[in-house]
Amino acid sequence: MGSETSELLATRRAKLERLRAEGVEPFPHAFPGVVPVAAVHEAHADLPAGEDSDARYRVAGRLHARRGQGKMAFLDLDDRSGRLQLQAKLDVLGPERMARLLELDLGDIVGVDGLAFRSKRGELSLRAEDVTVLAKSLRPPPDKHHGLQDVETRFRRRELDLMANEEARELFLTRARVITAVRRQLDEAGFVEVETPVLQPLYGGALARPFTTHHNALDRTLYLRIATELYLKRLIVGGLERVYELAKDFRNEGISYKHNPEFTMLEWYEAYADYNDAAARLEALVAGVAQAIGYEGEIDFTAPWRRVTLVAAIREATGIDVLEHRDRDALVAAIRAAGLDLPVEDRSWPQLVDDLLSKHVEPELVQPTIVMDYPVELSPFAKAHRTQPGLVERFEAFAGGMEIANAFTELNDPDVQRERFEAQLRLAGAGDDETQPYDEVFVEALEQGMPPTGGLGLGIDRLTMLMTGRRSIREVVLFPAMRD
RNA sequence: GCCCCUGUAGCUCAACUGGCAGAGCAGCGGACUCUUAAUCCGAAGGUUGAAGGUUCGAUUCCUUCCGGGGGCACCA
């Protein structure tokens, strides 16, 4: 750390000691009766320029800027609701309080009591009558005008991003409103919110590598969940009928603009429903979220969304009908004949279908689209399609060129489920390290009898990206994964 | 893991083909009782991410390492 930094820190420390020497507590315990600055603005929206009100307020927040230093100064105070200008006048405060106020640093947390007025230039302000230090800031804040631009610092030191950049504050308030809107709609639809284990003896419900940990007392390996699916279905077996969980999943995979190792997932399961019902519920839910947050972007979330089968979507984008090339070699030949830029080495038929989808279809799906009916090989927990052999009743929803949701008519035949697990075991034996471990407890639960069920998973981070127009998941996660 | 870009003062950014590392804001000293990116005067603030190398001379060129961004691969 440079000597200048030490000087900056030393200056602030010296002010801290000066406060204490004057008998001022720089870190008091509380400051009751604070009003948001937005409430002050709201109450005096019609106050003419140059006029005083007769209303006094107590506000609190962080000092953001200061203008003037002599017998009168203006200061900007930020709180969560916005910014309010303070006026400090020698003839109001008296010499001692005026001097103490002028010693404050930008970044200090202060409480202010004062009279609301509107300045001659038309700015609603508070004429400070008393100022209380609520927390001395010992480090310099980011640039008052340019904010904090450095991406690395914004992500590693999110508190600086939030204090310096209003858009960052607004974004995370929007994220909270997204989550509130999701919960409210599901609650109103009769779903019960549940919590299932994060630490699991077996991971399952998705195809991904897990984080591994160890329980000392039990001396056994545990996994951080990659999905909540299997536990939630056991709750359907138990008769809860409509359940959801909105929480973190963990996948030990790469990091990208749309992948963070821990991410927030909503999963719901609804008895007596199928994937068509899940699609309708998803459309209504997301449209409801867009409305709740006042979304004004270019994506039209209004239901119903465009629906297309996976086979048709791939055919539209590439001209290849994957069902007419139902084995690996035939599909590879078709991909080569079409001149597609797609690696085919060591790729199985289902992997190639998935590649065609993710490389050639997904990026084009900007407006919300429901892609339906997937090959059984890609979907170990989905029920066979009622009319299309070899396919399952599964859809993925896409928007903004990203997958946002994945849903099935849930497989509830325990014998078929057991066969699917065995197929996964064979893939694992062949070297695939992202297969489903055999979960006998889950199969036994299905043997108990699970009603027909529609289930869905929705990526909350990606949904927030869409709702806020951000192109990186790191912008919508408060503390994204970074190297140490 | 591979490729490209990138790292300069607390913050935001400059620095030509290799030639003394500079400004604004913040901070410090001073002036100012309606300013709002306040203004004005003054002084200060740097191991140019780290370590090596080439050179009379490196922020600049080369190598390695570290961090960040983007892309590819992986990951639906």
Side-chain angles (χ1 to χ4, degrees), chain A residues 1-12 14-15 49-50 63-76 83-93 98 105-107 117-125 127 137-157 160-161 163-165 206-209 226 251-261 263 310 341 343 345-347 350-359 361-362 371 374 378-379 394 396 398 402-406 433-434 457 459 462 471-472 474 480 482-484:
Chain A
M1 193 169 286
S3 63
E4 186 215 352
T5 307
S6 325
E7 272 180 45
L8 292 174
L9 300 186
T11 303
R12 284 173 178 253
K15 290 183 184 179
L63 281 184
H64 174 261
R66 173 171 45 220
R67 296 172 290 281
Q69 273 285 11
K71 300 183 183 66
M72 183 172 77
F74 290 96
L75 303 96
D76 289 338
R83 180 169 297 166
L84 180 65
Q85 176 170 269
L86 310 174
Q87 186 193 44
K89 295 178 74 176
L90 179 61
D91 53 14
V92 173
L93 288 163
M98 185 70 181
D105 284 311
L106 300 190
F117 75 105
R118 193 173 293 278
S119 73
K120 287 176 183 166
R121 299 281 181 89
E123 177 88 12
L124 188 76
S125 310
R127 182 171 302 127
S137 173
L138 296 175
R139 291 181 178 276
D143 187 281
K144 68 179 181 184
H145 179 61
H146 297 94
L148 180 65
Q149 302 295 326
D150 182 70
V151 174
E152 181 175 357
T153 310
R154 286 185 48 237
F155 294 163
R156 286 188 189 274
R157 304 290 310 280
L160 298 178
D161 187 30
M163 76 173 69
N165 299 324
L207 303 179
R209 275 173 288 206
I226 59 173
R251 296 187 184 175
N252 205 339
E253 312 278 7
I255 296 172
S256 82
Y257 75 94
K258 56 182 177 181
H259 295 95
N260 198 57
F263 61 102
L310 173 66
D341 178 25
E345 308 287 319
D346 301 322
R347 302 299 279 170
Q351 285 172 326
L352 288 169
V353 172
D354 198 37
D355 292 345
L356 287 166
L357 174 66
S358 59
K359 298 295 186 307
V361 178
E362 179 172 351
V371 177
Y374 282 58
L378 290 171
S379 316
R394 170 187 181 186
E396 290 184 309
F398 298 86
M402 259 187 327
E403 178 201 343
I404 59 168
N406 181 24
D433 55 0
E434 288 183 348
R462 292 181 181 181
R471 268 170 284 168
S472 168
R474 293 174 176 196
M482 306 283 275
R483 259 174 244 252
D484 281 331

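What you see is a predicted model, and the numbers here were worked out from it, not measured in a lab.
Atom CG of D76(A) is separated from atom P of C25(B) by 16 Å (rounded to the nearest Å). Going from atom CD of Q351(A) over to atom C1' of C75(B) covers 12 Å, rounded to whole Å. A straight line from OH of Y257(A) to C1' of C72(B) spans 13 Å, rounded to a whole angstrom. The CG atom of D354(A) sits 13 Å away from the P atom of A73(B) (whole-angstrom rounding). One atom, NZ of K144(A), and another, P of G10(B), lie 19 Å apart when rounded to the nearest Å. In this structure, L352(A) places its CG atom 14 Å from P of A73(B), rounding to the nearest Å.
With U12(B), G27(B), C74(B) as the choices, the nucleotide that has an atom nearest any side-chain atom of L8(A) turns out to be G27(B). The side chain of S119(A) lies closest to C34(B) when the candidates are A73(B), A38(B), C34(B). Taking only side-chain atoms of K359(A), from C-beta outward, the nucleotide of U12(B), G68(B), C74(B) with the closest atom is C74(B). With U33(B), G24(B), U36(B) as the choices, the nucleotide that has an atom nearest any side-chain atom of K71(A) turns out to be U33(B). Which of U36(B), G10(B), U12(B) sits closest to the side chain of P140(A) comes down to G10(B). Distances from the side chain of H146(A) to the nucleotides G68(B), G24(B), A26(B) place G24(B) closest. Taking every side-chain heavy atom of D143(A) into account, C11(B) is the closest of C11(B), G68(B), U35(B). The side chain of E152(A) approaches G67(B) more closely than any other nucleotide in the set G10(B), G67(B), G27(B). Comparing G27(B), U33(B), C13(B) against the side chain of Q149(A) picks out C13(B) as the nearest.
Map R118(A) and R251(A) each onto its nearest nucleotide of RNA chain B; the residue landing nearer the 5' end is R118(A).
Between R121(A) and U36(B) there is a side-chain polar atom (N or O) within less than 4.0 angstrom of OP1 or OP2. Applying the 4.0 Å criterion to OP1 and OP2 of U35(B), one finds that R67(A) has every side-chain N and O outside that range. Residue R483(A) places none of its side-chain N or O atoms closer than 4.0 Å to OP1 or OP2 of C66(B).
Across all strands, R12(A) comes closer than 4.0 Å to no nucleic acid atom at all (heavy-atom distances). Using a 4.0 Å heavy-atom distance criterion, R154(A) is classed as making no nucleic acid contact. Heavy atoms of L378(A) sit under 4.0 angstrom from at least one base atom. D91(A) comes within contact range of at least one nucleobase, with a heavy-atom separation under 4.0 Å. Using a 4.0 Å heavy-atom cutoff across all strands shown, E362(A) reaches no nucleic acid atom at all. No engagement by K258(A) is indicated, since no non-hydrogen atom pair under 4.0 Å with the nucleic acid exists. Across all strands, G50(A) comes closer than 4.0 Å to no nucleic acid atom at all (heavy-atom distances).
Partners of S256(A) according to the side-chain contact (heavy atoms from CB on, under 4.5 Å) rule, which considers only residues two or more places apart in sequence or in another chain, are K258(A), H259(A). Every residue was checked against the salt bridge (charged side-chain N to carboxylate O under 4.0 Å, His left out) condition with E403(A), not counting sequence neighbours, and none meets it. Applying the salt bridge (charged side-chain N to carboxylate O under 4.0 Å, His left out) test to K15(A) and every residue at least two apart in sequence or in another chain returns D105(A). Residues satisfying the side-chain contact (heavy atoms from CB on, under 4.5 Å) criterion with R121(A), sequence neighbours excluded, are S119(A). Partners of L106(A) by side-chain contact (heavy atoms from CB on, under 4.5 Å), not counting sequence neighbours, listed by chain and number: R66(A), P141(A). In terms of the side-chain contact (heavy atoms from CB on, under 4.5 Å) criterion, residue partners of E152(A) (sequence neighbours excluded) are, by chain and number, D150(A), R156(A), M482(A).
With both ends at atom P, the span from U39(B) to A26(B) equals 8 Å, rounded to whole Å. Remark: the separation of the P atoms in A38(B) and G27(B) is 11 Å, to the nearest Å. Rounded to the nearest Å, the gap between the C1' atom of U8(B) and that of C13(B) is 10 Å. A43(B) sits 22 Å from U47(B) when the P atoms are compared, rounded to a whole Å. Taking the C1' atoms as reference points, G19(B) lies 41 Å from C72(B), given to the whole Å. Here the separation of G67(B) from A50(B), taken at their P atoms, is 15 Å to the nearest Å. For the P atom pair drawn from A9(B) and C5(B), the interatomic distance equals 22 Å after rounding to whole Å.
For a distance-only test at 3.5 Å, the side chain of H259(A) qualifies as a donor-acceptor partner of the base of C75(B). On a pure distance criterion of 3.5 Å, no polar donor-acceptor pair joins the side chain of Q87(A) and the base of U33(B).
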Name the pairs: protein N/O against N/O of nucleotides 2-7 of chain B, kept only if under 3.5 Å.
none

Any N/O pairs under 3.5 Å between the protein and nucleotides 28-30 of chain B? List them or say none.
unit_1: C28(B); atom_1: OP1; unit_2: K15(A); atom_2: NZ; d: 2.6

Side-chain atoms of residues 350-357 of chain A: list all donor-acceptor pairs with protein atoms under 3.5 Å, sequence neighbours left out, distances to 0.1 Å.
unit_1: Q351(A); atom_1: OE1; unit_2: S348(A); atom_2: N; d: 2.9
unit_1: Q351(A); atom_1: OE1; unit_2: S348(A); atom_2: OG; d: 3.1
unit_1: D355(A); atom_1: OD1; unit_2: R347(A); atom_2: NH2; d: 2.9
unit_1: D355(A); atom_1: OD2; unit_2: R347(A); atom_2: NE; d: 2.9
unit_1: D355(A); atom_1: OD2; unit_2: R347(A); atom_2: NH2; d: 3.3

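Checking side-chain atoms of R12(A) against main-chain N and O of S137(A) turns up a donor-acceptor pair under 3.5 Å. For N260(A) (side chain) and F263(A) (main-chain N/O), no donor-acceptor pair under 3.5 Å exists by modelled atom type.
A distance of 5.0 Å separates CD of E253(A) from CZ of R209(A), quoted to the nearest 0.5 Å. With rounding to the nearest 0.5 angstrom, the CZ atom of R394(A) is 6.0 Å from the CG atom of L378(A).
The side-chain heavy atoms of L75(A) and H64(A), taken from C-beta on, include no pair separated by under 4.5 Å.
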